[in-house]
Number of protein chains: 2
Amino acid sequence: MINYAGSLDLVFQALADPSRRVMVERLSRGPASVSELARPLAMSLPAVLQHLHVLEASGIVTSEKVGRVRTCRIEPAALRTVEQWVSERRSSWEHRLDRLGDYLAEQPDEANYGREP
Amino acid sequence: MINYAGSLDLVFQALADPSRRVMVERLSRGPASVSELARPLAMSLPAVLQHLHVLEASGIVTSEKVGRVRTCRIEPAALRTVEQWVSERRSSWEHRLDRLGDYLAEQPDEANYGREP
DNA sequence: TGCATAGTTAATCATGTACTTAAGTGTATC
DNA sequence: GATACACTTAAGTACATGATTAACTATGCA
């Protein structure tokens, strides 16, 4: 059962770990097997598998097993939900700053530093 | 001492908690005091303060105390680093898919499903 | 001065996370 | 059929996280 939407909690949590980000970076260059993902990481294979589970639970990565090798790949939809959430908050803040700038520009120039409309 | 760059670890970790995201959403609409941030959250003030420390350590939020009230605001640079990291990985993957599509379009149409060049 | 307000610190506690090792399950290859 | 390969599961452990309550420190105001 895969979480295509990717709840923000799980997605941010998944990306908070540097090893998992290394895995995502590797996968952004193309699909990879579990052992390929493990190669650059200084940890046991079971540990890598646990990280993979976290990434799959978040919806960032999907995988399928053919024969004895499991091939993993990125699910861009999950990454898009993060991008969107972050960019909405940031641009909300930045547009607010613009509006505040406009407001202050219209006011007489006194003691406005740090004040809010 | 504030982390303006915002290490990816700390930033993703900070955003992984729903209460902290509520705080960021509130701040994206403008600066707020600690108790304003606390109002919609069902937890004690010390707990909110701990979340605020996490957000500040990540560089997402800054604050300054004037009189007895501490005013918090968003630091958009930290949010931009997240946006950038995620969008780079995603677009790397998506452009790779484009190139793969081009490659397959040039190949004879047989048993290419799921294969990599 | 006295008392409420806004925030802060410290100590504590229950879970959750990121590993580990040891042992087990299918697949390929000889 | 035997043996190696590529995971997979289970169990255990050390440390981090998210909350709590109790007690404390300014600041502002009547």
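In what follows, chains are A, B, ... by sequence order, proteins preceding strands, each numbered from 1.
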Positions of residues 35-42 of chain A (non-hydrogen atom under 4.0 Å from DNA chain C), listed by number: none
Matching residue for B:S63 among B:E56, B:R73, B:H53 - test: side-chain hydrogen bond (donor to acceptor under 3.5 Å, both in side chains): B:E56
First-last contacting nucleotides on DNA chain C - partner chain B, under 4.0 angstrom, heavy atom: C:dA4 to C:dT9
N or O in side chain of B:K65 less than 4.0 angstrom from D:dT27 OP1/OP2: no
Pi-cation contact, A:W85 with A:R89 (under 6.0 Å, within 45°): yes
Value rounded to 0.5 Å, distance of CG in A:L79 from OG in B:S91: 10.0 Å
Residues in contact with DNA chain C, drawn from residues 44-55 of chain A - heavy-atom cutoff 4.0 Å: A:S44, A:P46, A:A47, A:Q50, A:H51
A:L37 side chain near A:H51 side chain, heavy-atom distance below 4.5 Å: no
Distance-only side-chain donor-acceptor flag, A:Q13 / A:S58, under 3.5 Å: no
B:S92 (side chain) donor-acceptor with A:S28 (main chain) under 3.5 angstrom: yes
Cation-pi, B:W93 ring and B:R96 (6.0 angstrom, 45 degrees): yes
Length of the CG-C1' vector between B:L15 and D:dT17, whole Å: 16 Å
Any donor-acceptor pair under 3.5 Å from B:R20 side chain to B:A14 backbone: yes
Any donor-acceptor N/O pair under 3.5 Å between D:dC7 base and A:R70 side chain: no
